[in-house]
Amino acid sequence: MSKVLLKNIATLISGDISNPILKGNAILIEDGKIKQIGQEGDLDVKGVQTTIDCAGTTVTPGLFDSHCHVVLGDYTPRQKQTGFLESEVHGGVTTFISAGEVHLPGRPKDPAGTKALAILAAKSFANFRPGGGKVVGGSVILEKGLVKADFEELAKEGVRTVGEIGLGSIKNPEDAAPMVQWAKACGMTVMMHSGGTSIPGSSTVTAEMVIQTNPDIVSHINGGPTAVAMDDVQRLVTETDMALEIVHCGNPKVAVEAANLCLEQNALSRIIIGNDAPSGTGVIPLGVLRVICHLASLTAIKPEEAICMATGNTARVHKLPRGVIAEGYEADLVIMDTPMGSVGEDALSAIKAGDVPAVAMVLVDGEIVVSKSRNTPPPVRKPEIQ
Ligand SMILES: [Zn+2]
């Protein structure tokens, strides 16, 4: 049995937006899962092999990138870069959700081809963790000719998600809605592009089209990269209960306006955070942290709430047993602090001030995968392994 103790935690973010800050200064991990949370003296520390002294820093669940256009391996043909996923782990991301392997050169557009790509990506990423990060790969792109039995086969073979509707040849709600029903009946989570046309071959998607199609997630409500009109944002927030995704590679003004509307409508639990990279905008290793800072520094959203949007909210939508610090959940954690030179005194006040926090350590399943981030600034307080 492997036992890991995190002690001297100053601030503990739960990932649960209904109760974002937990009491306690220690976490006990057993065999990769969270076993106990509380005051160090109250935990069953007998037999602990590794102790991490968090030195008064902040511990959060590992971040999710809810919108990542992976293909296969840690390579993006879109920007011809390798190691982009590992680089994002250095920005605190421990789970990546594929929004569709759309950048595969020569991507097949027939039913057999689109299915084969999704199944291959799902199975490949199930065995491959770039930099230690977990990738939910294989997000089927809807193409003409797919039938109900195809979705049953996809689900049986490990495909959990439908990539952004609008990327493939299925574009109209009348064609998409039946497929969405088949996918949901198989337990799959469905994403739908919203806003302007992203690249040649994809399409412009309005709120009315999203409402008629009825996905689980409105992808990039702030645009990918071109946003829908604010009237459409209003409809999606007030007339649906869908998850609302805010991405880095979108419209920063609409991100703030949509977040303010969600605050007003008591809908913060529906916001999830993604990068929408690699895209034409580039590869953004710190994109998820930057959206957290953007929302928490420019709206009344609290930093701990913004962190919950990028953790527990996304995990809930995708039915994954992580993203919250609670007993029995996978021990994917980030230790963060205020970066050197920031006006912030700790990670949360740095975020509120708009500064990207320092990632001091990243753990996946209780194992350290990053002990010094190569991408964020260095932390003021440094955790130590004992
Ligand atoms: Zn999109």
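Counting starts at 1 for both ligands and their atoms, in listed order.
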Could you tell me whether the side chains of Gln79 and His103 share a donor-acceptor contact shorter than 3.5 Å?
->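 Result is no, nothing qualifies.
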Answer yes or no: does atom NZ of Lys3 have more than 12 heavy-atom neighbours from other residues, nucleotides or ligands under 6.0 Å?
-> yes
Let me have the donor-acceptor pairs involving side chains of residues 250-257, under 3.5 Å, with sequence neighbours excluded, atom names and distances please.
unit_1	atom_1	unit_2	atom_2	d
Asn251	OD1	Lys253	N	2.9
Asn251	OD1	Val254	N	2.9

Residues Arg316, Asp16: salt bridge by 4.0 Å N-O rule |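 Not counted as a salt bridge, because no side-chain N and carboxylate O are separated by less than 4.0 Å.
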Determine, for Arg235 against Glu208, whether the closest basic-nitrogen to carboxylate-oxygen distance falls under 4.0 angstrom.
-> yes
In Å and rounded to the nearest 0.5 Å, what is the CD1 to NZ distance from Ile27 to Lys35?
->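 The distance works out to 15.0 Å.
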With a cut-off of 2.8 Å, strictly less than, protein N/O/S atoms near the Zn ion (ligand 1) add up to 3
